[in-house]
Amino acid sequence: AQSVAQPEDQVNVAEGNPLTVKCTYSVSGNPYLFWYVQYPNRGLQFLLKYITGDNLVKGSYGFEAEFNKSQTSFHLKKPSALVSDSALYFCAVRDRSTGGFKTIFGAGTRLFVKA
Amino acid sequence: EPEVTQTPSHQVTQMGQEVILRCVPISNHLYFYWYRQILGQKVEFLVSFYNNEISEKSEIFDDQFSVERPDGSNFTLKIRSTKLEDSAMYFCASNKAGGGQETQYFGPGTRLLVL
């Protein structure tokens, strides 16, 4: 069965410091991996995705994520956090071997960036 | 930039009543989805829809739920007899092509409250 784990409910970072939001996954086949961000009372906004190729994926707003197949991880990173990055972040996976229709989301990690 | 829209933004209903949530996906997209997010919890897949039929559904999507594309633009989720536990934010999403690698674009959501 597919699953996504985000081990931290909350991450606190000072503005200007690097941030990491962790994600590990479990799928039977090869994954498609995604990060979405949710601001209060808003829908999900796509940040970035890993499909194939280079393990380091760059996305919107300066975020990047590294796919690590051996560790089944896809951690979200940003070199220098902004207060405006404070939001709820969701890691998500689709199993390409099952057609990729269903997206499984992690529980979410709330990021607080303090000025 | 084209976006997914959803109406209404909020809906309050009595237990046992039928509700229809409406979505207008991005116009050249072919794959449509419904997700829900119970307050404070993770986003859960409900159903995917392509070529006028359900591609995949979760165990949450029981006989009380149905989806329809009544015309060329709308995509609806009907809950026949609402229960208290149906209270959640419901998100519609769409993407252009299949295969799982396509980015899903989410609407802003409909907050459903069942009393």
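FYI, side chains are in, hydrogens and waters are out, and symmetry mates aren't considered; it's all heavy atoms of this structure. The chains referred to below are lettered A, B, ... by the order of the sequence lines, with proteins before strands, and numbering in each begins at 1.
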Within one Ile-Leu-Val-Met-Phe-Trp-Tyr cluster: [X] and [Y], side-chain cutoff 4.5 Å:
X       : Y        : result
B:Ile20 : B:Leu113 : no
A:Leu88 : A:Leu76  : no
A:Val93 : A:Tyr32  : no
A:Leu56 : A:Tyr50  : no

| said: Give me the atom names and distance for the closest heavy-atom approach of B:Gln104 to A:Tyr36. | reply: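 Heavy atoms of B:Gln104 and A:Tyr36 come nearest at O-OH, 3.2 Å.
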
| task | Locate the shortest heavy-atom distance separating B:Val43 from A:Phe105; write the atom from each residue and the value. | result |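 Reported closest heavy-atom pair: O-CB, 3.4 Å.
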
| field | Interatomic distance, B:Thr103 atom OG1 to A:Leu48 atom CG [nearest 0.5 angstrom] | value |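 Answer for the OG1-CG pair, B:Thr103 versus A:Leu48, is 9.5 Å.
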
| What distance separates A:Ile104 CD1 from B:Glu44 CD, expressed to the nearest 0.5 Å? |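 The CD1 atom of A:Ile104 sits 9.5 Å away from the CD atom of B:Glu44.
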
Is [X] atom [atom1] crowded by more than 12 heavy atoms from other residues, nucleotides or ligands, each under 6.0 Å away?
X        : atom1 : value
B:Leu39  : CG    : no
B:Asp71  : CG    : yes
A:Lys114 : NZ    : no

| said: Counting only non-hydrogen atoms closer than 4.5 Å, does B:Gln37 touch chain A with its backbone (N, CA, C, O), its side chain (CB onward), both, or neither? | reply: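 Answer is side chain: those atoms of B:Gln37 sit under 4.5 Å from chain A.
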
| request: Let me know if B:Tyr35 has heavy atoms under 4.5 Å from chain A in its side chain, its backbone, both or neither. | output: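 When you check distances to chain A, only side chain atoms of B:Tyr35 fall under 4.5 Å.
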
| query | Does any heavy atom of chain B fall under 4.5 Å from the side chain of A:Gln38, the backbone, both, or neither of them? | reply |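 Side chain of A:Gln38 only, per the 4.5 Å heavy-atom cut-off to chain B.
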
| query | Tell me, side chain or backbone of A:Leu44 under 4.5 Å from chain B's heavy atoms, or both, or neither? | reply |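 Answer is both: backbone and side chain atoms of A:Leu44 are under 4.5 Å from chain B.
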
| Is there a donor-acceptor contact under 3.5 Å linking the side chains of A:Thr103 and B:Tyr33? |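 No, because no side-chain N or O of A:Thr103 sits under 3.5 Å from a partner of the opposite role on B:Tyr33.
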
